[in-house]
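The block underneath contains the structure these notes are about, expressed in structure tokens.
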Amino acid sequence: KVKVRKIADDIGYVPNRAGVRLRTGRTNVISLILPVETNMMNHQARLQTTIAQELRGTQFHLNITPLFDDEDPMKPVRNVVENGLADGIIINSTRADDERVRYMMDRKFPFATHGRTQWCQDHPYFDFDNFAFVRLAARHLYDLGRRHIKIMLPPPGLNYSDEMTRGLDQAQRDLGIPIQAVADVHGDMSADDIGAWAYDFLKTRTATDGIIVTSPIASMSVVDAVERVGLTLGRDIDLFTREAIPFLKLFRPQIHLIREDVGWAGTHLARAIIQAIRNPDAPP
């Protein structure tokens, strides 16, 4: 047996997962369920890479499951849980009352979330502080002399959009100026739609001198519109955003931004889900 195991290790043998499940009751698989979002691909690519890197050298394998816009978000979660396709699940784009989280908590199925919920004190999660992001962005633009600031929020209903809205309310109280969330557009729309909206908006609202945007692709679309209407970034208007992979300063050095450390998010989530699987009674 020792000799066979040595040969298997030498050739990189991967045990049959069905056999592993029969012997141990586990699959040694972690399922990462991600929505298909064009504007967030650099964000999600970094998340996938760092989770995979953290799992390297463990017995766990990463399986990535796409969630499409027209699909019930419960469908892939139920599929994994009810068919025993993985030992644990990582999800993102959470809502405060996320039914996926409630479902997995009720079934005591190991999971971790990229984003918070109303039950996050009882489950493992990692989140970017979106409340602080909006306050810092607004303060930075204010300190640059901007007094007519707009913000393009993420899709409504998501927890991080709610956190940004709270941050927006606080920023207005902090600075004593109105900051308006733009209507009819959000940061996860297509680049073409955001660009078309931004062009029409800036043509008719020339008083706007600062804008907060929540995704890199949306930021590039807004910058393109700024230049097409004849404004100069950094002189007529300033833009503040965030990014997971540093490239926006190469695109336009006048962009102001905060880095979102998605690498640390992936590392933390991988460690958190392993603990949830191996030691479910430990604090998350």
Side-chain angles (χ1 to χ4, degrees), residues 29-56 60-77 79-80 85-86 88-95 98 100-101 104 111-117 120 123-130 133 152-164 186-194 213-222 241-251 257-274:
V29 172
I30 291 171
S31 180
L32 174 62
I33 300 174
L34 292 175
V36 177
E37 297 174 348
T38 304
N39 286 1
M40 296 292 285
M41 288 311 292
N42 69 343
H43 181 285
Q44 293 189 356
R46 181 67 176 146
L47 187 68
Q48 294 171 26
T49 299
T50 52
I51 292 174
Q53 287 173 337
E54 189 65 24
L55 295 180
R56 187 180 183 186
F60 294 104
H61 305 275
L62 183 65
N63 180 53
I64 299 170
T65 302
L67 173 64
F68 295 96
D69 288 342
D70 59 352
E71 186 176 24
D72 178 2
M74 280 297 300
K75 181 181 176 181
V77 173
N79 186 45
V80 171
L85 301 181
I89 291 174
I90 300 173
I91 62 171
N92 73 351
S93 298
T94 55
R95 297 175 179 269
D98 202 296
R100 302 169 298 174
V101 169
M104 289 185 284
F111 71 94
T113 64
H114 190 198
R116 281 172 287 175
T117 70
C120 62
H123 68 75
Y125 73 88
F126 187 99
D127 202 9
F128 180 79
D129 193 338
N130 292 284
F133 163 72
M152 184 187 300
L153 291 169
L158 298 178
N159 191 71
Y160 81 113
S161 185
D162 295 343
E163 287 295 308
M164 286 190 183
H186 61 72
D188 286 358
M189 292 173 65
S190 73
D192 288 343
D193 288 343
I194 291 173
V213 186
T214 58
S215 79
I217 299 299
S219 299
M220 294 172 72
S221 298
V222 171
T241 188
R242 64 183 186 180
E243 64 181 358
I245 297 175
F247 73 91
L248 283 175
K249 286 287 189 181
L250 301 176
F251 169 65
L257 56 83
I258 285 176
R259 179 173 175 241
E260 180 176 0
D261 193 348
V262 179
W264 173 227
T267 297
H268 176 87
L269 288 167
R271 294 175 183 176
I273 191 64
I274 289 173

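Hydrogens, waters and symmetry mates play no part in the numbers below; they use all other heavy atoms, side chains included. For the single chain, residues carry numbers from 1 onward in sequence order.
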Original post:
Hey, does the side chain of Q44 reach the backbone of P35 with a donor-acceptor pair shorter than 3.5 angstrom?
Top reply: yes
**OP:** Find out whether D261 and R259 are in side-chain contact, i.e. whether some heavy atom of one side chain is under 4.5 Å from a heavy atom of the other.
**Re:** yes
**OP:** Quick one: pull up CD in E54 and CD1 in I273 and give me the separation to the nearest 0.5 Å.
**Re:** 13.0 Å
**OP:** Indicate the atoms forming the closest heavy-atom contact of A218 with M152, along with that distance.
**Re:** CB-SD, 4.3 Å
Original post:
Closest heavy-atom contact between S161 and L153?
Top reply: OG-CB, 4.3 Å
**OP:** Check the pair I274, L55 against side-chain contact (heavy atoms from CB on, under 4.5 Å), reporting the backbone distance first and the verdict last.
**Re:** CA-CA 9 Å; I274 289 173; L55 295 180; 3.7 Å; yes
Subject >> Residue pair T117, N159: steps toward the side-chain contact (heavy atoms from CB on, under 4.5 Å) verdict >> reply: CA-CA 7 Å; T117 70; N159 191 71; over 6 Å; no
**OP:** Compare every heavy atom of S93 with every heavy atom of D98, then report the nearest pair and how far apart it is.
**Re:** OD2-O, 4.1 Å
Original post:
For the side chain of N130 and the backbone of F128, is there at least one donor-acceptor N/O pair under 3.5 Å apart?
Top reply: yes
Subject >> Minimum-distance pair of heavy atoms, taken over all atoms of V36 and P66 >> reply: CG2-CB, 3.8 Å
**OP:** Kindly write out the residues that satisfy side chain to side chain donor-acceptor pair (under 3.5 Å) with T241, not counting sequence neighbours, or none if the list is empty.
**Re:** S219
**OP:** Mind checking the CD1-CD1 spacing from I90 to I51? Nearest 0.5 Å is all I need.
**Re:** 4.0 Å
Subject >> Contacts of type side chain to side chain donor-acceptor pair (under 3.5 Å), residue R95, not counting sequence neighbours >> reply: none
Original post:
Between S215 and G187, is there a donor-acceptor pair closer than 3.5 Å when you use the side chain of the first and the backbone of the second?
Top reply: yes
Original post:
What distance do T94 atom OG1 and L158 atom CG have between them, rounded to the nearest 0.5 Å?
Top reply: 7.5 Å
Original post:
With side chains defined as the heavy atoms from C-beta onward, is the minimum distance between F247 and M220 less than 4.5 Å?
Top reply: yes
Subject >> Separation of L47 CG from L32 CG (nearest 0.5 Å) >> reply: 6.0 Å
**OP:** Please name the pair of heavy atoms, one in P76 and one in T65, separated by the smallest distance, quoted to 0.1 Å.
**Re:** CB-CG2, 4.0 Å
Subject >> Nearest-0.5 Å distance, CD1 of residue I89 to CD1 of residue I91 >> reply: 8.0 Å
**OP:** Give the intermediate values and the outcome of side-chain contact (heavy atoms from CB on, under 4.5 Å) for residues M74 and R100.
**Re:** CA-CA 6 Å; M74 280 297 300; R100 302 169 298 174; 3.6 Å; yes
**OP:** Begin from the C-alpha positions of V29 and L85 and carry the test side-chain contact (heavy atoms from CB on, under 4.5 Å) through to its verdict.
**Re:** CA-CA 7 Å; V29 172; L85 301 181; over 6 Å; no
**OP:** Would you check if the side chain of T50 reaches a backbone N or O of R46 as a donor-acceptor pair within less than 3.5 Å?
**Re:** yes
Original post:
Around K249, counting heavy atoms of other residues, nucleotides and ligands shown, do more than 12 lie under 6.0 Å from its NZ?
Top reply: yes
Original post:
Between F126 and H114, how do the two ring planes meet: parallel, tilted or perpendicular, split at 30° and 60°?
Top reply: tilted
Subject >> Where H268 and Y125 come nearest, the two heavy atoms and their spacing >> reply: NE2-O, 3.2 Å
Subject >> Distance (rounded to the nearest 0.5 Å) between H123 NE2 and T113 OG1 >> reply: 4.0 Å
